[in-house]
Number of protein chains: 2
Amino acid sequence: MPREKKIQPQETKRELPPEELLQDLGDLFKVFGDTTRIRIMYALYEGEMSVMAISELLGMTQPAISHQLKTLKAANLVAGRRQGKTIFYYLSDEHVKSIIAAGYEHLTEE
Amino acid sequence: MPREKKIQPQETKRELPPEELLQDLGDLFKVFGDTTRIRIMYALYEGEMSVMAISELLGMTQPAISHQLKTLKAANLVAGRRQGKTIFYYLSDEHVKSIIAAGYEHLTEE
DNA sequence: TGAACATATGAATAATCGTTCATATGAAGA
DNA sequence: TCTTCATATGAACGATTATTCATATGTTCA
């Protein structure tokens with residue numbers, strides 16, 4: 001009589017979330033995985049700023065900032081408001097802060 | 001009498017966090033910015049697993065998983081426990097779940 | 001309408017990164 | 001100690017990405 005393989009805890013059947021969610025999560029965190037974009041988000045922590053103001057604060061060229069703002073906007077992390085010739089960007093919701101806070105806690109609490 | 005430039009809200013002096021923190025945050029989120037690593041972390045949600053078990057669950061080669069586990073371990077997100085010939089990996093703390101949860105909320109709540 | 005200004009876009013380049021294949025390490029059992 | 005098995009490591013390749021430079025878009029004001 002053939003013996004059943006011993007059942008180990010790690011052999012429990014596992015299911016992963018749907019591929020689309022995994023992809024979306026990866027794409028979202030990829031946006032946070034760049035120092036320039038993190039700097040931009042921190043710059044907007046206390047309120048809106050123009051593209052020029054951001055690029056001066058970060059010491060980077062204006063096109064570099066515009067490219068990154070586009071990425072941040074595509075991820076719904078920032079939004080822009082036009083006033084005359086200039087566009088003021090701001091954090092589009094509180095999720096930015098809570099995601100960064102969650103990461104910060106991992107770095108400090110250990 | 002020269003007129004002061006109108007003070008706009010965006011002209012407030014801003015300070016960014018120290019460069020090292022920004023770099024550490026970026027590096028941490030970069031680890032989350034890959035579907036394979038997110039899959040691995042989800043696989044370990046319910047408990048430890050061997051490298052082989054993970055690679056079979058994800059349908060990927062063993063070296064691919066080992067490389068990613070190394071990255072996850074370097075970020076203190078997973079840890080390994082040796083038992084005989086096999087090594088069981090597990091989430092090293094609850095931060096993994098809270099970071100992913102924060103990202104998940106951004107994706108769903110809007 | 002035309003000049004001036006703020007921002008956006010596109011192409012190109014350099015650097016980073018994930019996977020694969022081949023192989024090395026290290027533990028267990030005969 | 002030799003073989004086997006699980007995992008780790010290293011080099012190489014392909015793909016993705018951040019920045020730069022040049023230029024386009026679009027708004028304001030004369």
Side-chain angles (χ1 to χ4, degrees), chain A residues 5-6 8 10-11 19 22-41 43-44 48-75 77-90, chain B residues 5-6 8 10-11 19 22-41 43-44 48-75 77-90:
Chain A
K5 247 172 78 187
K6 251 185 305 185
Q8 302 273 15
Q10 67 281 7
E11 293 185 31
E19 188 57 31
L22 296 168
Q23 192 65 51
D24 289 348
L25 277 170
D27 289 345
L28 176 62
F29 286 120
K30 220 169 275 177
V31 177
F32 283 86
D34 177 80
T35 312
T36 298
R37 287 190 293 264
I38 293 214
R39 266 196 280 257
I40 292 174
M41 291 186 271
L44 303 181
E48 60 183 18
M49 279 209 235
S50 71
V51 178
M52 265 313 200
I54 297 172
S55 71
E56 281 161 15
L57 178 63
L58 303 204
M60 297 181 64
T61 67
Q62 173 268 315
I65 302 300
S66 270
H67 280 302
Q68 301 300 2
L69 283 170
K70 188 177 183 179
T71 300
L72 288 166
K73 202 160 70 175
L77 297 170
V78 307
R81 161 182 87 81
R82 172 155 236 142
Q83 180 182 304
K85 278 183 268 191
T86 99
I87 298 180
F88 293 103
Y89 280 90
Y90 52 91
Chain B
K5 248 173 79 186
K6 249 185 307 186
Q8 302 272 16
Q10 66 282 5
E11 294 187 32
E19 187 57 30
L22 297 167
Q23 192 65 51
D24 289 349
L25 278 170
D27 289 344
L28 175 62
F29 286 120
K30 218 168 279 178
V31 176
F32 284 86
D34 177 78
T35 313
T36 298
R37 286 189 293 264
I38 294 211
R39 266 197 278 258
I40 292 176
M41 290 186 272
L44 303 182
E48 60 184 17
M49 277 210 235
S50 71
V51 178
M52 265 312 199
I54 297 172
S55 72
E56 280 162 16
L57 178 63
L58 305 204
M60 297 182 63
T61 66
Q62 173 268 315
I65 303 300
S66 269
H67 280 303
Q68 300 301 2
L69 283 171
K70 187 177 183 180
T71 300
L72 289 165
K73 203 161 68 173
L77 297 170
V78 308
R81 161 181 89 79
R82 175 156 235 141
Q83 180 182 307
K85 278 184 264 190
T86 100
I87 298 180
F88 294 102
Y89 280 90
Y90 52 90

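Atoms considered below: every heavy atom in the structure, side chains included; atoms not considered: hydrogens, waters and symmetry mates. Model, not experiment: these values are computed from the prediction.
For the OP1/OP2 pair of D:dG26 and a distance below 4.0 Å, the side-chain nitrogens and oxygens of A:Arg82 include no atom meeting the criterion. The side chain of A:Ser66 places no N or O atom within less than 4.0 Å of a non-bridging phosphate oxygen (OP1 or OP2) of C:dT7. A sub-4.0 Å separation between OP1 or OP2 of D:dA8 and a side-chain N or O of B:Tyr89 is present.
Remark on DNA chain C: of its neighbouring residues B:Lys85 and A:Ala64, the 5'-side contact belongs to A:Ala64, judged by nearest-heavy-atom nucleotide. The residue among A:Asp34 and B:Ile87 whose nearest nucleotide of DNA chain D is located toward the 5' end is B:Ile87.
Taking every side-chain heavy atom of A:Thr86 into account, C:dT7 is the closest of C:dT7, D:dA18, D:dA8. The side chain of B:Lys70 sits closest to D:dT9 out of D:dT9, C:dA8, C:dT19. The nucleotide whose nearest atom lies closest to any side-chain atom of A:Pro63 is, among D:dT9, D:dA22, D:dT7, D:dA22. Taking the side chain of B:Gln68 as heavy atoms from C-beta on, and the options D:dA18, D:dT7, C:dT19, the nearest nucleotide is C:dT19. When distances are taken from the side chain of A:Thr36 to each of D:dA18, C:dT7, D:dA8, the shortest belongs to D:dA18.
One can place CZ of B:Arg39 at 13 Å from P of C:dG18, the figure rounded to the nearest angstrom.
Within the model, atoms OG1 of A:Thr86 and CZ of A:Arg82 stand 8.5 Å from one another, a figure rounded to the nearest 0.5 Å.
Residue A:Met49 forms a side-chain contact (heavy atoms from CB on, under 4.5 Å) with just one option from A:Leu57, A:Ile65, A:Ile40, and that option is A:Leu57.
Looking only at distances, a side-chain donor or acceptor of A:Arg37 sits under 3.5 Å from a matching main-chain atom of A:Lys30.
Evaluation of A:His67 against the base of C:dT9 yields a stacking contact (centre distance < 5.5 Å, interplanar angle < 30°).
The aromatic rings of A:Phe29 and B:Phe32 sit tilted, their planes meeting at an angle between 30° and 60°.
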